[in-house]
Amino acid sequence: MKFSRPRGTNDLFGERMERWHDVEGRIVRLVRGYGYSEIRTPVFEMTDLFIRAVGKATDIVSKEMYTFSDKKGRSLTLRPENTASVMRAFLENGLHRKGGISRFYYMGPMFRYDRPQAGRYRQFHQVGAEAIGSSNPAVDAEIIDISLSIYSVCGFPPLDVRLNSVGCPVCRPAFKEILIRSLAGYGDELCQNCRERGMVNPLRIFDCKKCGEVKKKLPFITDHLCRECGEHFSRLQEILDGLGIRYTLDPLLVRGLDYYTKTAFEIIHPGLGAQNALSGGGRYDGLAEDCGGGHIPAVGFSAGMERLLETLPESFPGETGDGRVDVCIILIGDSGSMQALSLAGRLRESGLSVLTDLSGRSMKKKLGAASEAGAGFAVFLGPDELEREKATVKNMMTGSQEVLAFDGIGPFIERERDNRGE
RNA sequence: GUGGGCGUAGCUCAGGUGGUAGAGCCCUGGAUUGUGGAUCCAGUUGUCACGGGUUCAAAUCCCGUCGUCCACCCCA
């Protein structure tokens, strides 16, 4: 084979594709139940949007973007995440003028140039939701509630939410100062990497897996939040408590995108290996302004589809399973293709899903394939039938069969299925 | 970007210390001339990832490349 798929991408088909659809369907029903409507934004945007929104110094922007120039020399980038696009679309379409809270969900491919690994791909898929236009911590709670429910509707046992507040432009810079001062005392104990990034973004040290000992001794941002952030955070916890939503406070939790303010959360799963985050999200009250809009507070989350599918529990209540095809029309002999297709069309009009087998293989193979496709009925069309303008209909369950005129096949199948109480 | 394991049939994998490739599943045909899920019989399937080197001889040893998996890192 001359061509292979680009590194870190996947071909989706067969059972996996079916399960994907099933999961997507459940999630869509769920979020629509919360009043969220779908938004689809382009898979590529002007590069500057991501630089401004996600942050120049983040790993995503500095080394993971698929950036290219179009024929007019404009710099475009395949979206590494979707929140920036949703905010851009929100502002560009003047949706801020509608007032109230705008609630959107999205699903689709994202692109990051990373070394592929368990649960990490260069093209991966996210489903997420954004609630734009409110600073009420109750909306944060709604978002956390939804992101947890995604897993419960897919049959997951209750998962752990790690929760933190990352402050805002008022308190975070002050905390950074405190942190940097504190870090100075532990210079030799930090790993090489952390010593370097300590200058650029000291908060990221909390992400490091090696510097565990030092992390415990550092000050926590939650002890240094400004009045507004502190109140928001404690109010959120009250609401979550009241709703019975369980969470674990994690003062070490930080987010890798610069736009986050106040609430930050992550849902993790132990079965994923190193890439253990199933979903993550938080508040981004400054993003609208970064994108050239006014002050518009917002919260959202995003979940990785591949990671969800890879950890889907055995108990996943899969949809009906078999029976995807109602009827298989089996042509016998080498004439009559047209009649077979025409009959299939008629049956489809009556609402049945129909597969045709016009291959020259053996009867045994054709019936076997029909059975595997889950067909409840096989319709034989051979020289005898064609001559009499009839077809033999076989009930695959009972094995009984009858010769019927073309017009009678649809009603017959319906009757047979009713008898079975379907 | 760094490190390690692995690349043999469509799939899962055998192929001690070098001698030109195998099994199961799948697929196809038959036993059953136009009737499935079982059984039995027969058959097809390969640039042994790619390129180079060592050798009379390489799937096997060496080097490189690519892919894949895992970890670092990062994050969904």
Side-chain angles (χ1 to χ4, degrees), chain A residues 1-10 14 54 58-64 79-83 107-128 147 150 191-194 196-197 204 207-210 253-257 260 264-269 272-281 300-311 322 328 330-334 357 359-386 391-401:
Chain A
M1 178 51 74
K2 191 158 186 176
F3 299 107
S4 57
R5 62 181 185 271
R7 183 152 202 217
T9 63
N10 289 297
V54 176
T58 61
D59 281 34
I60 292 177
V61 169
S62 63
K63 46 194 187 198
E64 296 174 4
R79 61 184 183 193
E81 59 97 50
N82 208 18
T83 301
M107 47 192 15
M110 309 295 157
F111 307 84
R112 289 183 202 173
Y113 189 90
D114 241 358
R115 188 97 169 238
Q117 202 184 309
R120 190 166 80 186
Y121 307 97
R122 289 183 176 177
Q123 176 176 336
F124 60 101
H125 297 75
Q126 290 188 330
V127 48
S147 46
I150 279 181
C191 71
Q192 178 65 28
N193 205 328
C194 284
E196 283 166 18
R197 68 182 169 191
R204 291 277 301 287
D207 255 345
C208 183
K209 284 166 187 162
K210 290 181 209 142
L253 177 71
V254 283
R255 306 265 67 209
L257 291 78
Y260 285 109
F265 69 93
E266 209 167 76
I267 296 176
I268 56 172
H269 192 286
L272 272 172
Q275 312 302 318
N276 66 351
L278 273 179
S279 72
F301 83 95
S302 189
M305 280 296 284
E306 284 84 356
R307 292 183 187 182
L308 194 167
L309 270 289
E310 279 163 27
T311 49
D322 61 329
C328 183
I330 294 173
L331 184 67
I332 302 159
D334 39 29
D357 192 335
S359 71
R361 330 186 265 179
S362 69
M363 191 75 232
K364 185 185 174 120
K365 291 293 163 197
K366 288 193 270 208
L367 263 175
S371 163
E372 202 171 320
F377 297 87
V379 173
F380 301 112
L381 210 51
D384 299 349
E385 286 87 351
L386 284 169
T392 306
V393 181
K394 176 185 174 101
N395 184 325
M396 297 290 276
M397 294 292 257
T398 64
S400 67
Q401 53 189 59

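For Ser302(A), whose side chain is taken as the heavy atoms from C-beta onward, the closest listed nucleotide among G37(B), A76(B), A71(B) is A76(B). For Ala274(A), the listed nucleotide lying nearest its side chain is A71(B); candidates were A71(B), G34(B), U28(B). With distances taken from any side-chain atom of Ser279(A) to the nucleotides C75(B), G34(B), A76(B), the minimum falls on A76(B). Of the candidate nucleotides G1(B), G34(B), U35(B), G34(B) has the atom lying nearest to any side-chain atom of Pro383(A). Candidate nucleotides C69(B), U35(B), G36(B) were compared by shortest atom distance to the side chain of Pro116(A), and C69(B) ranks first. Taking only side-chain atoms of Glu385(A), from C-beta outward, the nucleotide of G34(B), A71(B), G29(B) with the closest atom is G34(B). Relative to the side chain of Ala118(A), the nucleotides C73(B), U28(B), A71(B) differ in distance, and A71(B) lies closest. Taking the side chain of Ile60(A) as heavy atoms from C-beta on, and the options C75(B), G1(B), G36(B), the nearest nucleotide is C75(B). Candidate nucleotides C70(B), G1(B), U35(B) were compared by shortest atom distance to the side chain of Phe380(A), and U35(B) ranks first. Of the candidate nucleotides U35(B), U28(B), C75(B), U35(B) has the atom nearest to the side chain of Thr392(A).
A stacked arrangement is assigned to Phe124(A) and the six-membered base ring of A76(B), with a centre-to-centre distance below 5.5 Å and an interplanar angle below 30°.
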Side-chain donor/acceptor pairs under 3.5 Å, residues 107-117 of chain A, sequence neighbours excluded:
unit_1, atom_1, unit_2, atom_2, d
Arg112(A), NE, Pro80(A), O, 2.8
Arg112(A), NH2, Pro80(A), O, 2.9
Asp114(A), OD2, Arg120(A), NE, 3.4
Gln117(A), OE1, Arg120(A), NH2, 3.3

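For G7(B) and G46(B), the C1' atoms lie 15 Å apart once the distance is rounded to whole Å. U60(B) and U20(B): their C1' atoms are spaced 12 Å apart (whole Å). Taking the P atom of each, G29(B) and G34(B) are spaced 11 Å apart, rounded to whole Å. For the P atom pair drawn from G22(B) and U47(B), the interatomic distance equals 16 Å after rounding to whole Å.
Between Ser279(A) and Ile150(A) the shortest side-chain heavy-atom distance does not fall below 4.5 Å. In this structure, the side chains of His269(A) and Arg307(A) stay at 4.5 Å or more apart for every pair of heavy atoms.
Of the side-chain N and O atoms in Arg120(A), none sit less than 4.0 angstrom from OP1 or OP2 of C70(B). Put simply, Lys394(A) has no side-chain N or O that comes within less than 4.0 Å of OP1 or OP2 on G36(B). Using a 4.0 Å cut-off, some side-chain N or O of Ser362(A) falls inside it from OP1 or OP2 of G29(B). Dashed line: the shortest gap from a side-chain N or O of Arg7(A) to OP1 or OP2 of U68(B) is under 4.0 Å. Side-chain N/O atoms of Gln117(A) include one lying less than 4.0 angstrom from OP1 or OP2 on A71(B). For the pair Arg115(A) and C72(B), the criterion of a side-chain N or O lying under 4.0 Å from OP1 or OP2 is not met.
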